[in-house]
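These notes concern the structure reproduced below.
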Amino acid sequence: MLKAVVFIVGVALVIILVNSTAEYRADNDLIYRLCDKRIEVITDLRELLNSKERQGNNVMKNTRDSMIAAKLLFILPQRPDEPVDSYLLRTQDYLTERCNP
């Protein structure tokens, strides 16, 4: 009985560790890939935010750039009532900080 409990706890810990590592790498690898094209990413993010404000929350171009901008919006969410320009400056500072440690 004790062996079964130890086995189940071990498997659960491995699953949690793999999940946490994958999530960490997904977020950080994306940021480092964006370092070379920060201006383009900020431009795409501005376009995404402006299209959301004008046409509702379900507007999304089906392009890679829009998906990258949406992932960045997920990693660094916009604060409630934060103006778009302030958010973009904060995002740019975040990218600069992460890309130039």
Side-chain angles (χ1 to χ4, degrees):
M1 180 70 177
L2 181 61
K3 288 182 181 181
V5 171
V6 170
F7 177 75
I8 291 172
V9 169
V11 169
L13 287 175
V14 168
I15 290 172
I16 290 170
L17 179 66
V18 168
N19 185 32
S20 298
T21 304
E23 185 176 327
Y24 174 81
R25 285 206 48 181
D27 291 346
N28 288 315
D29 286 352
L30 174 72
I31 296 298
Y32 295 125
R33 285 192 310 248
L34 300 179
C35 289
D36 293 336
K37 52 182 183 177
R38 283 180 262 181
I39 295 172
E40 296 168 21
V41 170
I42 295 295
T43 303
D44 292 337
L45 187 57
R46 177 185 301 276
E47 184 179 310
L48 177 68
L49 291 171
N50 287 337
S51 68
K52 271 178 47 177
E53 286 179 357
R54 279 189 273 114
Q55 300 176 5
N57 291 332
N58 294 327
V59 174
M60 182 88 169
K61 290 189 306 186
N62 198 10
T63 66
R64 180 173 167 71
D65 294 337
S66 294
M67 295 303 219
I68 290 171
K71 177 69 174 181
L72 185 58
L73 185 62
F74 177 75
I75 292 171
L76 186 69
Q78 186 176 11
R79 295 178 183 136
D81 300 326
E82 182 177 24
V84 172
D85 290 335
S86 297
Y87 172 68
L88 292 173
L89 284 173
R90 187 166 60 91
T91 303
Q92 190 170 9
D93 290 343
Y94 175 80
L95 287 174
T96 300
E97 179 183 304
R98 295 295 294 262
C99 293
N100 301 324

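This is a predicted model, so every value here is computed, not measured. Note that these values count all heavy atoms, side chains included, but never hydrogens, waters or copies made by symmetry.
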### Message
In the structure I gave you, are the side-chain heavy atoms of Val84 and Gln78 within less than 4.5 Å of one another anywhere?
### Response
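SC-SC contact between Val84 and Gln78 confirmed.
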### Message
Counting C-beta onward and ignoring hydrogens, is there a side-chain heavy-atom pair between Leu49 and Leu45 closer than 4.5 Å?
### Response
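Yes - at least one pair of side-chain heavy atoms lies under 4.5 Å apart.
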Transitive ILVMFWY cluster of [X] at side-chain heavy atoms under 4.5 Å: who else is in it?
| X | value |
| --- | --- |
| Val6 | Leu2 |
| Val18 | Val14 |
| Val9 | Val5, Leu13 |

### Message
Check for me, please, whether Tyr94 and Ile42 land in the same ILVMFWY cluster - side-chain distances under 4.5 Å, paths through other members count.
### Response
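Yes, one cluster joins them.
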### Query
In chain order, what residues pass the salt bridge (Lys or Arg N to Asp or Glu O under 4.0 Å) check against Arg46, with sequence neighbours excluded?
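Arg46 satisfies salt bridge (Lys or Arg N to Asp or Glu O under 4.0 Å) with Asp85 once adjacent residues are dropped.
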### Query
Arg98 side chain to Leu95 main-chain N or O, any donor-acceptor pair under 3.5 Å?
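Flag not set: sc Arg98 to bb Leu95 has no pair under 3.5 Å.
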### Query
Can you name the residues that form a side-chain contact (heavy atoms from CB on, under 4.5 Å) with Thr43, not counting sequence neighbours?
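Result, side-chain contact (heavy atoms from CB on, under 4.5 Å) vs Thr43: Ile39.
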### Separation of Lys37 NZ from Asp44 CG (nearest 0.5 Å)
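The NZ atom of Lys37 is 8.0 Å from CG of Asp44, to the nearest 0.5 Å.
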